[in-house]
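Let me begin by presenting the structure, written as structure tokens, before commenting on it.
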Amino acid sequence: MASREGVYIKVLGGGKEVGRLSVLVGRLGEENGILVDAGVNFDEEDKPVFAATHPPRYIRAIILSHAHLDHIGTAPMYYISESPKTYATRPTARMAKLMLEDFLKLNGYYSPYEHYEVKRLLESIEYVRYGQRVDIDGVEAAFYSAGHIPGSMFTVIEIDGVRVGVTGDINTIETKLMKPAQLGLIGKLDVLVTEATYGSSLHPPRYNAEKRLLAIIEDVLDRGGTVLIPAFSIARGQEIMMILAEHDLGVPVYVDGMIRQVTEIFLENSEYINNPHLLRKAYNEFIFVKGWRDRNKAWKKPGIIVASAGMLKGGPSLYYLKRIGGNPRNAVVLVSFQAPGSVGRRLLEEGLMPSSEEPLRARLEWLDFSSHADSNGLLSIIDATRPDKVLVVHSEHDVAEEFASRIKSLWPDVVVDVAENNNEYKYTV
Ligand SMILES: [Zn+2]
Ligand SMILES: [Zn+2]
């Protein structure tokens, strides 16, 4: 059926938007393809916005780059009528179960799939490891660490000799939790599909953010206050725990929310983390909040609380904010991205406590512990893989355009497309 040698990439989500990534990669002229990710985003009212879907009967396999909902939240839809094989690392599969069940608990009303489809997806997963290659009906897929969160993969799909790399979400620097992406192992690509969340900006050196976090903590503890650190339960919470575990801060550290289960998954899959001993130390030394009695105790004496959700959209972090936010001795340190419309963003922009007109009196800080490569990091991926063509996904429109022009100024021969949802990009050789 193929008229010309080459591949197509159909963008089902993640075009000119951060998150909701979903791309179908296939041979030109064929309906069949391999799906990389199928994520969900949330609108300003916190309602789910699913990625578009390709007819499930044409899906040869699904590859899940990592367990964040903006990469997996649409995937169970493919299991309503079919049951394609899914490839993911073990920690991704374990976390996907937690994330999708939690998603249904909060958004079941808006979801076209239910627990049964989540179960079928989880049962269809074949575990893969970094460095492994699999054959999917004559198409080869290979997996490398993307350095973003434990278990995250950079996927290379090879169709008739055309090598297509998909970054998923990627980080190119070392953190306490993660080694950088395995860029040196990938080799030359023909096409690179890259995220560009921070395609037009730079992160300050990680060491500065760590130093600043510790300085704020010391300052607040000296005044007898409590420090609340709202953090995502996947990766950011553990990264903060590891930074704290390196220092003897002399006060109890409480950890609350889904961070605990995720920490246990990381410890059981310790080959996927940079410094398992440090995470183990934090796990052994810190106090995991087990119920309301613990929760009510945690904020009453000077100490540190690491709690989900990272944007204070709910969960224990919101409970603690309401308890400690009225006292200027305390501090709230945001360490995650704060989406427009979230409680965290409102704190930053208006300085008001959630669902009230009361001002926040505690000290408020926002530090950059991003797990995404910045503009320089993203350019280093292109430098390492030398693609002829680049497709920019998982990026706001302006950021994607600016990143595209940075690529063109450094490598004038590289063809760069800024992906649009529901468009198909053809690459012939
Ligand atoms: Zn993402
Ligand atoms: Zn991610």
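As a basis for the values below, the full set of heavy atoms in this structure was taken, side chains included, without hydrogen atoms, waters or symmetry mates. Atoms within a ligand are numbered from 1 in the order they appear, just like the ligands themselves.
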Go through the steps for Arg206 and Glu210 under the test salt bridge (charged side-chain N to carboxylate O under 4.0 Å, His left out), then give the verdict.
CA-CA 6 Å; Arg206 181 55 67 104; Glu210 291 176 13; 5.3 Å; no
Taking the six-membered ring of Phe288, is the NZ or CZ of Arg260 close enough (under 6.0 Å from the centre) and on axis enough (within 45°)?
yes
Answer yes or no on whether Lys313 is positioned over the face of Phe42, meaning its NZ or CZ is under 6.0 Å from the six-membered ring centre and within 45° of the axis.
yes
Proximal heteroatom of Asp70 relative to the Zn ion (ligand 1) (N/O/S)
OD2
The atom of His71 among N, O or S that is nearest the Zn ion (ligand 1) is NE2
For the Zn ion (ligand 2), what is the closest N, O or S atom on Asp169?
OD2
Give the atom name of whichever N/O/S atom in His68 sits closest to the Zn ion (ligand 2).
ND1
Is a side-chain donor or acceptor of Lys176 paired with a backbone partner of Glu239 at a separation under 3.5 angstrom?
no
